[in-house]
Amino acid sequence: MKDQFASYFDKPEFKQILAHYEDMLLSGSCFYFEAAELTDIAEYYAMQGDSQQAEAALDYAIRLHPDNLDALIFKARARLINGHLNEAIVISESITDQNDREVLFLKAELALADNRHRQANDIFRALIEAESYQADTYTDIIDLLVDNKQTDIANDWVDEAMTRYPNNKSLLESSAYNYTQQERYDEAIALYNQLLDADAYSTLYWEELGKIYFQREEYDKAIEAFEFAIAINSDECYYSMYAAANCYFNLGNYSRAEEYYLIIHQKYPETVDPLFHMGMCRVNMGDDDKALEYFTEALTTIPEDSEEQAQIYSQLSLIFSRKEQHEKAIAYINEALKIYPDNPELIIMKGHELLCQGVYNESTELFLKALSYDNERVERSLFLIGVSMLENAHYEMSYYILRLLRGNTEIESTMLYPYLCLCEWILHEESFKETLAQSLNICPTKTYEIFSLPPTPGESADSMIERLKQLKIEN
């Protein structure tokens, strides 16, 4: 529906009406418009996120057409969306035809917002009986309930509707969406597969199926669904290409992910996200030089002071840090801090760069500053400071910090244990073997990466310790 409105709003006839209306506002005059024209203008402003202008257009429509149903219903919903339930109820009660279908749906929606669930359900029951239990009526009821986050009530209507119309397309769509919103993914998958049995070339159904598998982190299945959508319509599949790229990225197939991001960048050169993600692919592939190219190019098109700009500055800082060009790293992190001056992770990154240069007092001040800002995620800040200490050979302090986080539910063990292991190995701690065994069990890939050892699937802690001793002897 939104796409249908968007296409209408691009048409010359609507643009002419909108220009006429906006000329009226500028001149302070009063022109005549049909009620439908003004409600279309209100819909346009609402889609632009300008609720004030949308309501102003509706108010003008009601001035010219005080009994127009569409304008009054739209105005009541606008008041409801903006948090003025009582005003919305007053408007709904002022409508002359209280038995109109859309008015009844409005009154049901207002009853739901007012926690009068039984009254809303009574309205729905009267509607379904008056309309002879039609499938479209069930669909409208279910959609309204789901949109208003009343999934428990929606489930009862889904059960009743599907008993009557087990193969109705609109009902299957609404029911699948309802189950998805509740994370009842198995039931949603079954319904989307049923829909695909009837229409195997629907990009919508393949995309919705892919979204569910993505949420379940079943990325291989998600890729299969998204790539079906791409194969069906390669010209209009921005979402599926992006989603497939993200799936490959999450699977660690960075080269395949980069291929998709590159296609998106070539088809939609005005968007900066693909360049950023291409840079992240190269970072994960160990190719900082190519990542630097992508991030630098992205900066030429990205909006000033945006979140994306801050992310790119922070990545550039990390690249120059790895290149041991710490002054450049600080310059970029300072640019990121201009956008988010109170961001604890950015503050810690700057502290880390200063620590790399031996500027101890200022780096300590920044670490303490980050901890004072980060009351809700103090564990994350402590972890990052601990890693910084480790990378700067302050092993005792690093171990003290990381050991504090052991067993803390706010920090994932898969993040903590490899660094904790390295500290214990360097400091010859007795608990090293036990910690290593746990690290190999929960995050073997990161453990081998931290110790710069080639992976050996199923390796015991004793075996890895022998390899570490041998490596130490050789070096």
Side-chain angles (χ1 to χ4, degrees), residues 1-7 47 135-136 138-140 142-147 149 151 154-155 158 161-162 165-271 273-274 276-278 280-281:
M1 183 63 73
K2 186 175 180 179
D3 292 339
Q4 291 173 2
F5 273 117
S7 61
M47 286 183 64
D136 287 347
Y138 276 115
T139 300
D140 291 341
I142 292 165
D143 287 346
L144 188 145
L145 286 165
V146 177
D147 288 343
K149 305 187 187 308
T151 50
N155 289 336
V158 165
M162 294 301 291
Y165 302 100
N167 299 308
N168 181 271
K169 177 183 172 182
S170 295
L171 271 174
L172 287 169
E173 291 174 354
S174 294
S175 301
Y177 180 67
N178 173 51
Y179 290 139
T180 302
Q181 293 303 106
Q182 299 174 71
E183 299 184 6
R184 294 169 60 178
Y185 292 135
D186 288 339
E187 289 152 294
I189 288 169
L191 293 183
Y192 280 122
N193 279 322
Q194 186 177 341
L195 285 161
L196 283 165
D197 287 341
D199 183 5
Y201 294 95
S202 169
T203 56
L204 171 65
Y205 301 152
W206 283 117
E207 284 187 350
E208 292 302 319
L209 200 56
K211 289 176 188 177
I212 293 172
Y213 285 126
F214 188 92
Q215 287 296 320
R216 286 166 53 142
E217 299 184 8
E218 297 180 38
Y219 298 121
D220 288 328
K221 290 182 178 179
I223 287 169
E224 185 179 3
F226 290 130
E227 290 188 337
F228 266 117
I230 294 166
I232 292 164
N233 187 356
S234 60
D235 294 327
E236 298 293 335
C237 56
Y238 177 88
Y239 179 86
S240 287
M241 283 195 295
Y242 226 120
N246 291 340
C247 288
Y248 280 117
F249 188 94
N250 289 345
L251 286 171
N253 190 340
Y254 302 115
S255 59
R256 186 73 175 119
E258 185 185 356
E259 289 175 17
Y260 267 118
Y261 291 131
L262 179 59
I263 294 169
I264 297 166
H265 173 59
Q266 291 168 341
K267 294 186 73 167
Y268 307 95
E270 71 283 359
T271 58
D273 283 358
F276 174 76
H277 290 303
M278 288 155 68
M280 291 307 300
C281 287

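Side-chain contact between Ile230 and Tyr260 is present, with at least one heavy-atom pair separated by less than 4.5 Å. Residues Tyr254 and Phe249 form a side-chain contact, since some pair of their non-hydrogen atoms from C-beta on lies under 4.5 Å apart. Thr180 is not listed as a side-chain neighbour of Glu208, based on a closest heavy-atom distance of 4.5 Å or more. The side-chain heavy atoms of Leu172 and Met162, taken from C-beta on, include a pair separated by under 4.5 Å. Under the 4.5 Å side-chain criterion, counting only non-hydrogen atoms from C-beta, Asp199 is in contact with Tyr201. A heavy-atom distance below 4.5 Å is not found between the side chains of Thr203 and Glu236. Counting heavy atoms from C-beta outward, Phe228 and Leu196 have side chains that stay 4.5 Å or more apart. Between Arg216 and Asp186, some side-chain heavy-atom pair lies under the 4.5 Å cut-off.
The minimum heavy-atom distance linking Ile223 with Ala244 is given by the pair CG1-O, 4.4 Å. Heavy-atom minimum distance, Gln194 versus Pro166: NE2-O, 3.0 Å. Taking every heavy atom of both residues into account, Leu195 and Lys169 meet most closely at CD2-O, 3.9 Å. Nearest heavy-atom pair across Asn178 and Ala154 is OD1-CB, 3.8 Å. Nearest heavy-atom pair across Ala245 and Ala257 is O-CB, 3.4 Å. Heavy atoms only, all atoms of each residue included: Phe226 and Glu207 are closest at CE2-O, 3.6 Å.
Atom CH2 of Trp206 and atom OG of Ser240 lie 11.0 Å apart (nearest 0.5 Å). Between atom SG of residue Cys247 and atom CD of residue Glu217 there is a gap of 10.5 Å, rounded to the nearest 0.5 Å. Distance OH/Tyr192 to OG/Ser202: 9.5 Å, rounded to 0.5 Å. To the nearest 0.5 Å, the span separating CG on Leu204 from CG on Asn233 amounts to 12.5 Å. Note that OH of Tyr213 and CD1 of Ile189 are 4.0 Å apart. Values are rounded to the nearest 0.5 Å. If you take CD1 on Ile142 and OH on Tyr177, they are separated by 13.5 Å, rounding to the nearest 0.5 Å.
Centroid-to-centroid, the aromatic rings of Tyr219 and Phe214 come within less than 6.0 Å. When ring centroids are compared, Tyr242 and Tyr261 come within the 6.0 Å threshold.
Of the candidates Asp143, Asn168, Thr139, Asp143 is the only one forming a side-chain hydrogen bond (donor to acceptor under 3.5 Å, both in side chains) with Ser174.
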Begin with the C-alpha distance, continue with both residues' side-chain angles, and end with the deciding distance and a verdict on side-chain contact (heavy atoms from CB on, under 4.5 Å) for Lys267 and Met241.
CA-CA 11 Å; Lys267 294 186 73 167; Met241 283 195 295; 4.0 Å; yes

May I have the step-by-step check of side-chain contact (heavy atoms from CB on, under 4.5 Å) for Arg184 and Asn155, ending in yes or no?
CA-CA 11 Å; Arg184 294 169 60 178; Asn155 289 336; 3.3 Å; yes

Does the pair Glu173 and Tyr205 meet the rule for a side chain to side chain donor-acceptor pair (under 3.5 Å), with working shown?
CA-CA 9 Å; Glu173 291 174 354; Tyr205 301 152; 2.5 Å; yes

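Enclosure of atom OH in Tyr268 by more than 12 non-hydrogen atoms of other residues, nucleotides or ligands within 6.0 angstrom is indicated.
Between Lys221 and Glu224, no side-chain nitrogen of the basic residue sits less than 4.0 Å from a carboxylate oxygen of the acidic one, so the salt-bridge criterion is not met.
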